Undergrad: 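I'd like to ask some things about the structure below.
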Amino acid sequence: ADDDAAIVVTYPTSWPEYTVDRLRNAAARHGLTDVTFVPDALAATAWMQQSPDAVADGVVLVADLGASALTVSVVRTGADSAILGRGARSEDVSGAHIDQVVLAYVLDNVDSSSLDPFDPATVEALTTLRTHCATAKEALSSDTETVVPVHLPGIDTDVRLVRSEIEELLRETFDDVTRVLGEALRTAGVDGDAVDRVLLVGGGASI
């Protein structure tokens with residue numbers, strides 16, 4: 001084994017200390033005692049520091065758009081890197097929420113008035129459709145348009161999605177992103193002009 005190798009375990013930055021302690025205790029019970037535990041915002045910033053976008057001594061705003069929430073952290077880079085303030089989190093902005101917006105848009109573009117929402121076949125078909133909507137959302141990160149296949153009881157068609165139209169639907173959602181970013185900066189006592197980089201991570205980072 002490499003004598004210089006080290007084990008680092010990352011955890012959600014929003015976790016309270018008692019939850020991190022439980023993680024440490026669980027690792028220790030399995031013999032993992034020589035382990036460094038790091039908030040994922042710090043780990044993401046450390047990764048960025050190995051790229052051409054490295055910030056020698058400055059402030060990085062880490063926006064983590066995951067499936068269930070948006071978490072924003074303010075990180076000071078340099079020899080004494082640390083998370084500033086307590087960050088901010090919103091469950092109103094998430095990958096799941098965006099999927100729901102796309103699903104509603106697709107259903108608005110087909111005649112779904114005859115669907116029985118309690119019919120098991122409808123429930124199963126809607127679950128599949130939601131998966132197709134999530135795939136389409138990801139495709140729009142690189143393509144300007146895509147198509148969602150819609151196969152519901154009595155409905156068999158395609159719905160075309162255009163990136164600009166979906167962006168417009170999400171405008172109100174991403175206005176909330178601005179609010180969360182502002183809250184994170186306030187808790188850190190950092191002015192927006194002092195931010196050197198914004199680092200987007202998480203499953204929704206490429207939207």
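Computed from a prediction, not measured in an experiment: that's the story for all the values here.
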Undergrad: List, by chain and number, the other hydrophobic cluster members for Val62, where Ile, Leu, Val, Met, Phe, Trp and Tyr join if side-chain heavy atoms come within less than 4.5 Å, directly or indirectly.
TA: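 Hydrophobic cluster check, Val62: joined to Val8, Val38, Leu42, Trp47, Met48, Val55, Val60, Val75, Ile83, Leu199, Val201.
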
Undergrad: Sort out for me which residue in Val177, Thr71, Val72 forms a side chain to side chain contact (heavy atoms under 4.5 Å, CB included) with Val93.
TA: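 The option that passes is Val177.
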
Undergrad: Look at Glu145 together with Arg160 and state whether they make a salt bridge at an N to O cut-off of under 4.0 Å.
TA: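 So Glu145 pairs with Arg160 through a salt bridge.
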
Undergrad: Using the test side-chain contact (heavy atoms from CB on, under 4.5 Å), find all partners of Thr146 that sit at least two apart in sequence or belong to another chain.
TA: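 Checked Thr146 against side-chain contact (heavy atoms from CB on, under 4.5 Å); matches are Ala136, Ala139, Leu140, Leu161.
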
Undergrad: Please determine whether the number of non-hydrogen atoms from other residues, nucleotides or ligands lying under 6.0 Å from atom CD of Glu17 exceeds 12.
TA: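 Above 12, so yes.
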
Undergrad: Do the side-chain N and O atoms of Thr122 and Asp116 include a donor-acceptor pair separated by under 3.5 angstrom?
TA: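 No pair is found: no donor N or O on one side chain lies under 3.5 Å from an acceptor on the other.
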
Undergrad: Can you name the nearest heavy-atom pair linking Gly192 to Leu185, along with the distance?
TA: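 So the two residues come closest at CA-CD1, 4.0 Å.
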
Undergrad: Test: salt bridge (charged side-chain N to carboxylate O under 4.0 Å, His left out). Region: residues 118-139. Which pairs qualify, not counting sequence neighbours?
TA: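 Passing the test, one end in residues 118-139: Asp99-Lys137.
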
Undergrad: Looking at Ser94 and Ala69, what are the two nearest heavy atoms and their distance?
TA: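 In terms of heavy atoms, the two residues are closest at CB-N, 3.4 Å.
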
Undergrad: If you count every heavy atom of other residues, nucleotides or ligands that lies below 6.0 Å from Asn25 atom CG, does the total exceed 12?
TA: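 Yes - once you tally the heavy atoms of other residues, nucleotides and ligands closer than 6.0 Å, there are more than 12.
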
Undergrad: Taking the basic N atoms (NZ, or NE/NH1/NH2) and the acidic carboxylate oxygens, is any pair closer than 4.0 Å for Glu183 and Arg179?
TA: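 Yes, Glu183 and Arg179 are salt-bridged.
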
Undergrad: Can a donor-acceptor pair be found between the side chains of Thr77 and Asp57 at a distance below 3.5 Å?
TA: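 No, Asp57 and Thr77 have no side-chain donor paired with an acceptor closer than 3.5 Å.
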
